[in-house]
A.B. asks: 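First the structure, then my questions, so here it is.
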Amino acid sequence: MPVELTTFLGRREDITAVKAALSEFRAVTLTGIGGVGKTRLAMRVATDLRRAFADGVWFIDLSAATTRAALDASVIEALQIHDRSGNEAADVILDFLRERQVLLLLDNCEQIVGEAASLINGVIRRAPRVRILATSRERLWVTGECVWRVPSLPVPDPDLRVGGTQSSSAPVQYPALVLFAERAAAASGASVNREDWPDVARLCRRMDGLPLAIELAAVQTRVFSPGQLVRRYDERLGPMGTPDRTVPDRHRTLEAAIDWSYELCTPHERLLWSRASVFARRFGLDAAEGVCSGEDLPREEVLDILAGLVDKSILVPEEQLGELQYRLLETLADYGRTRLRAAGAEEKLARRHRDWYLQQAEEMATQWWGPDQLDWSRWLRREYRNLRSAVEYCVTTPGEGQAGLRLTAALLPHWHAGTEASEGRLWLERALAADTEPTLARAMALRSLASICASRADYAPTEEALRDCHLVARHLHDPLMAARAHSVEAELAVNRADYATALARAKQAMACPEYAGGPERAQLLAVVIIAHAMLGHYGEAVSAHEEAVRCSVEFGGRADLVWALAGRAIAEYSVGDHQAVIRYARECIRIARDYDNVMGLATSYLLLVRSLAAEGDFGRAAELLGARRRICNELGVPALSEMESAVNDALATQLRAELGETPFEAAVARGYAFDLDAAIDHALGIEGDEPERSADAGTEDAEPSPLTPREQQVAGLVARGLSNRKIAEDLVISPRTVEGHVDHILTKLGLTSRAQIAAWAARQGG
């Protein structure tokens with residue numbers, strides 16, 4: 001084994017996982033992009049396993065081998081085989097290994113994948129006590145091969161605070177930063193100052209946590225500060241070279257390391273790599289086919305080419321809200337853009353990217369109120385970075401103003417429900433300033449701007465946008481557009497607590513038959529419900545809520561039921577039916593979670609807390625007040641309106657008085673300690689119902705459940721044999737969150753396996 005001349009940092013979990021794989025599989029291949037640390041990880045694993053192999057651990061460098069003959073020669077030399085039989089080299093190697101217990105570390109197999117696979121297949125068939133640990137930028141396709149993709153080093157957020165201390169030492173939980181600090185100290189003799197850590201964190205993030213890139217950057221601290229390195233890296237990809245002439249040429253600069261991977265790709269893979277750099281971080285197969293294909297890159301071949309780039313570790317596959325997407329590491333995306341620019345195709349691809357996302361966004365807008373609404377909501381969340389990039393192209397490119405108006409107007413569902421409303425407003429204002437032609441696209445953008453401003457209680461720009469919207473609608477002789485403007489006027493009036501005006505504006509909107517009979521009325525019905533509820537018109541509020549439900553059933557969309565349910569809960573509160581408030585607020589929370597409507601979540605929690613307090617359940621109310629605070633902080637919910645702020649303060653005062661200062665603060669702290677999923681589960685379980693049992697389930701052996709409703713749900717899915725990934729898809733949460741739930745279930749029930757969870761669920765009646 002080569003001597004390690006520098007310290008090995010981090011990778012404890014990776015080392016454990018690779019060791020476990022080697023205990024189960026005869027051949028394990030570590031894959032990943034050049035510079036990610038495959039060789040160092042393999043060497044550390046092999047070193048740790050020396051005692052497990054009676055005949056030793058052998059390191060074989062194949063970076064210079066380009067033929068099977070060269071490969072065999074490298075192996076014979078490394079194993080120090082002295083043979084005079086005259087047999088074929090492959091047979092000599094297999095005869096030597098046949099009875100030996102050996103671990104072979106085959107490094108840099110990517111340029112002779114087929115030959116290396118042939119050798120490994122022969123070894124594992126004829127030498128049963130030999131294990132193979134290989135490194136390659138793509139899998140080898142050996143029978144029974146276990147592939148372990150080596151991840152980049154974890155990096156912190158750029159706004160790193162080193163534990164709030166005065167220490168200038170690197171935070172040990174981030175090996176990327178420790179690596180930079182050690183290599184910088186070796187190169188320049190100076191340690192990283194405490195005030196430089198945010199720049200070091202930013203630089204490591206820009207380097208995607210790639211150890212090679214970080215080491216190359218650290219060498220430059222001889223002449224540049226970390227802050228200067230960040231700016232220099234942003235200005236150009238490289239070169240960031242090392243003066244160490246003993247380092248292989250392909251590692252001498254970051255660009256050389258990437259060049260090494262690029263040259264190993266087929267022409268079609270190189271083309272897709274460069275074109276994929278136009279995407280903002282992630283993209284799906286349909287986007288790759290729509291944007292990157294052409295006469296020189298057939299659409300029907302894109303899937304296979306993507307698979308090739310994944311195998312070569314150029315693309316990282318990642319699951320996002322139930323769909324597989326692909327990501328170029330930022331370093332590789334920069335490289336791809338450089339290649340695209342050199343080919344003179346950057347502008348063409350940027351336009352194709354914009355055209356494709358504009359088409360998708362407008363299709364989403366026309367289908368938003370239909371049965372595929374939830375799928376479109378997830379699409380918006382998955383593709384928001386690309387949509388933002390397309391908007392930026394429109395507002396910064398001369399002559400693209402109309403496209404910018406169309407795109408920004410189409411994105412209203414995302415901006416209105418989430419926390420990016422301020423960003424949406426900025427893009428809308430820029431798009432409106434870029435093109436002033438009185439078109440339908442401009443009217444729609446004005447309506448969207450007015451709606452966002454109204455929801456954030458910014459009344460002057462709301463009124464200005466609405467006036468302009470009406471002017472354009474009259475110019476176009478478009479009564480439907482005028483009705484849409486009246487609908488936003490009703491929304492504005494509710495936010496101003498002018499409920500009579502809200503109902504009058506709603507009546508004006510409903511006077512347009514096309515609007516009153518279409519799915520868009522769902523938005524207005526929610527406003528009408530809230531206005532009637534606040535005026536004490538219980539019967540009218542209930543009737544409007546029932547109409548909103550019928551509208552949802554007729555057209556299939558459910559997003560606007562969030563506010564319809566909130567209005568119904570307000571109406572029930574006004575007549576003192578607090579159990580009904582709880583029921584409607586819980587349903588509101590379920591839908592708001594599905595659609596990522598953070599404003600709806602915050603409002604629903606406030607309704608729950610009010611009714612719990614009214615019912616005398618002060619402890620639970622205080623916990624939910626803390627959970628609501630956590631949700632608002634974690635999800636970036638904007639500041640409360642004056643009305644909500646007054647209600648929140650009044651509830652806190654009441655609960656503090658009922659519970660006492662210390663118990664109140666303790667309950668709020670318990671609620672705040674929940675993670676986001678647990679906070680929602682806690683709200684959905686506030687009625688304290690026992691989980692339903694199947695009709696034929698016996699009750700004699702049933703055990704009381706210590707699990708939250710979400711944990712019970714996860715336990716049931718585990719009992720059905722679903723993997724963590726499939727459970728995450730079904731519940732629309734991350735696999736890591738599912739893993740946490742499973743760990744909690746095992747701990748709470750005192751179990752040790754998923755099979756035991758299934759048995760427990762069966763006793764509970766499923």
Side-chain angles (χ1 to χ4, degrees), residues 1-5 8 15 18-19 21-22 25-32 34-83 87-148 150 246-251 260 264:
M1 293 288 295
V3 177
E4 296 186 77
L5 301 178
F8 183 84
I15 292 171
V18 175
K19 287 180 180 177
L22 276 170
F25 296 91
R26 297 283 309 285
V28 176
T29 304
L30 306 186
T31 65
V36 78
K38 301 183 296 296
T39 299
R40 292 299 302 274
L41 174 60
M43 289 173 58
R44 176 48 56 99
V45 169
T47 300
D48 288 354
L49 292 176
R50 278 178 184 269
R51 295 182 180 179
F53 293 88
D55 296 304
V57 175
W58 300 87
F59 178 90
I60 304 170
D61 182 7
L62 302 180
S63 61
T66 58
T67 65
R68 178 59 193 262
L71 183 153
D72 291 340
S74 297
V75 174
I76 289 172
E77 179 182 2
L79 295 178
Q80 302 175 17
I81 301 174
H82 303 287
D83 179 77
N87 293 335
E88 293 289 334
D91 292 329
V92 170
I93 294 170
L94 295 175
D95 288 339
F96 178 83
L97 294 173
R98 191 187 306 276
E99 301 298 328
R100 286 179 167 83
Q101 185 186 19
V102 169
L103 173 64
L104 297 182
L105 198 171
L106 303 179
D107 194 38
N108 295 308
C109 296
E110 58 269 6
Q111 59 190 352
I112 46 170
V113 171
E115 293 82 357
S118 176
L119 170 68
I120 294 170
N121 272 321
V123 169
I124 61 179
R125 281 171 170 76
R126 293 171 59 180
R129 302 175 68 201
V130 174
R131 300 278 166 140
I132 307 290
L133 178 59
T135 73
S136 175
R137 298 188 190 186
E138 63 179 296
R139 67 178 303 169
L140 303 179
W141 297 103
V142 173
T143 303
E145 174 190 29
C146 174
V147 178
W148 174 263
V150 180
T246 65
V247 173
D249 287 344
R250 65 184 181 280
H251 282 184
W260 183 255
L264 291 171

A.B. asks: Drop me the distance from R68's CZ to E88's CD, to the nearest 0.5 angstrom.
C.D. replies: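 One gets 10.0 Å once the value is rounded to the nearest 0.5 Å.
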A.B. asks: Using a 3.5 Å distance criterion without hydrogens, assess whether the side chain of R26 forms a donor-acceptor pair with backbone atoms of I124.
C.D. replies: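 Here the side-chain-to-backbone pair exists.
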A.B. asks: Hey, could you give me the CD/CG distance between E110 and L140, rounded to the nearest 0.5 Å?
C.D. replies: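 Answer for the CD-CG pair, E110 versus L140, is 9.5 Å.
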A.B. asks: List the residues meeting salt bridge (Lys or Arg N to Asp or Glu O under 4.0 Å) with E115, not counting sequence neighbours, and say none if there are none.
C.D. replies: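 For E115, no residue satisfies salt bridge (Lys or Arg N to Asp or Glu O under 4.0 Å) once neighbours in sequence are set aside.
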A.B. asks: With sequence neighbours left out, what residues match T29 under side-chain hydrogen bond (donor to acceptor under 3.5 Å, both in side chains)?
C.D. replies: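 In terms of side-chain hydrogen bond (donor to acceptor under 3.5 Å, both in side chains), with neighbours along the sequence ignored, T29 is linked to E145.
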A.B. asks: Under the rule for salt bridge (Lys or Arg N to Asp or Glu O under 4.0 Å), what residues qualify as partners of D48, not counting sequence neighbours?
C.D. replies: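 Partners of D48 under the salt bridge (Lys or Arg N to Asp or Glu O under 4.0 Å) test: K19.
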A.B. asks: Would you compute the distance between atom SG of C146 and atom CD1 of I132 and round it to the nearest 0.5 angstrom?
C.D. replies: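 Going from the SG atom of C146 to the CD1 atom of I132 covers 14.0 Å.
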A.B. asks: Donor-acceptor check, side chain of R100 to backbone of F96, threshold 3.5 angstrom: yes or no?
C.D. replies: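 Here the side-chain-to-backbone pair exists.
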A.B. asks: Mind checking salt bridge (Lys or Arg N to Asp or Glu O under 4.0 Å) for R126 and listing every partner two or more places apart, or none if nothing turns up?
C.D. replies: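 Result, salt bridge (Lys or Arg N to Asp or Glu O under 4.0 Å) vs R126: D91, D95.
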A.B. asks: Going by side-chain hydrogen bond (donor to acceptor under 3.5 Å, both in side chains), name the residues that satisfy it together with R125, two or more places apart in sequence or in a different chain.
C.D. replies: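 Once residues adjacent in sequence are excluded, the partners of R125 under the side-chain hydrogen bond (donor to acceptor under 3.5 Å, both in side chains) criterion are N121.
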A.B. asks: Starting from the C-alpha separation in whole Å, work towards a yes-or-no answer on side chain to side chain contact (heavy atoms under 4.5 Å, CB included) for V57 and V102.
C.D. replies: CA-CA 6 Å; V57 175; V102 169; over 6 Å; no
A.B. asks: Restricting to side-chain hydrogen bond (donor to acceptor under 3.5 Å, both in side chains), what partner residues turn up for T135, sequence neighbours left out?
C.D. replies: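 With neighbours one apart ignored, the set is D107.
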A.B. asks: Looking at OG1 of T47 and CZ of R40, how far apart are the two atoms once the value is rounded to the nearest 0.5 Å?
C.D. replies: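 Answer for the OG1-CZ pair, T47 versus R40, is 9.5 Å.
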A.B. asks: Output all residues satisfying side chain to side chain contact (heavy atoms under 4.5 Å, CB included) with A73, sequence neighbours left out; order by chain, then residue number.
C.D. replies: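 Result, side chain to side chain contact (heavy atoms under 4.5 Å, CB included) vs A73: none returned.
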A.B. asks: Sequence neighbours excluded, which residues qualify as side-chain hydrogen bond (donor to acceptor under 3.5 Å, both in side chains) partners of S74?
C.D. replies: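 Residues passing side-chain hydrogen bond (donor to acceptor under 3.5 Å, both in side chains) with S74: none at all.
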A.B. asks: For Q101, give me all partners under side chain to side chain contact (heavy atoms under 4.5 Å, CB included), at least two apart in sequence or on another chain.
C.D. replies: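 Q101: side chain to side chain contact (heavy atoms under 4.5 Å, CB included) contacts with F53, A54, D55, R129.
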A.B. asks: Would you please test V147 and L30 for side chain to side chain contact (heavy atoms under 4.5 Å, CB included) and show each step?
C.D. replies: CA-CA 6 Å; V147 178; L30 306 186; over 6 Å; no
A.B. asks: By side chain to side chain contact (heavy atoms under 4.5 Å, CB included), which residues pair with A127, not counting sequence neighbours?
C.D. replies: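 L97, V123, V130.
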A.B. asks: What's the separation between atom CD1 in I112 and atom CG in L62, rounded to the nearest 0.5 Å?
C.D. replies: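 Going from the CD1 atom of I112 to the CG atom of L62 covers 4.5 Å.
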A.B. asks: Let me confirm one number: the CZ-CG distance from R131 to L104, rounded to the nearest 0.5 Å.
C.D. replies: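 CG of L104 is found 12.0 Å from CZ of R131.
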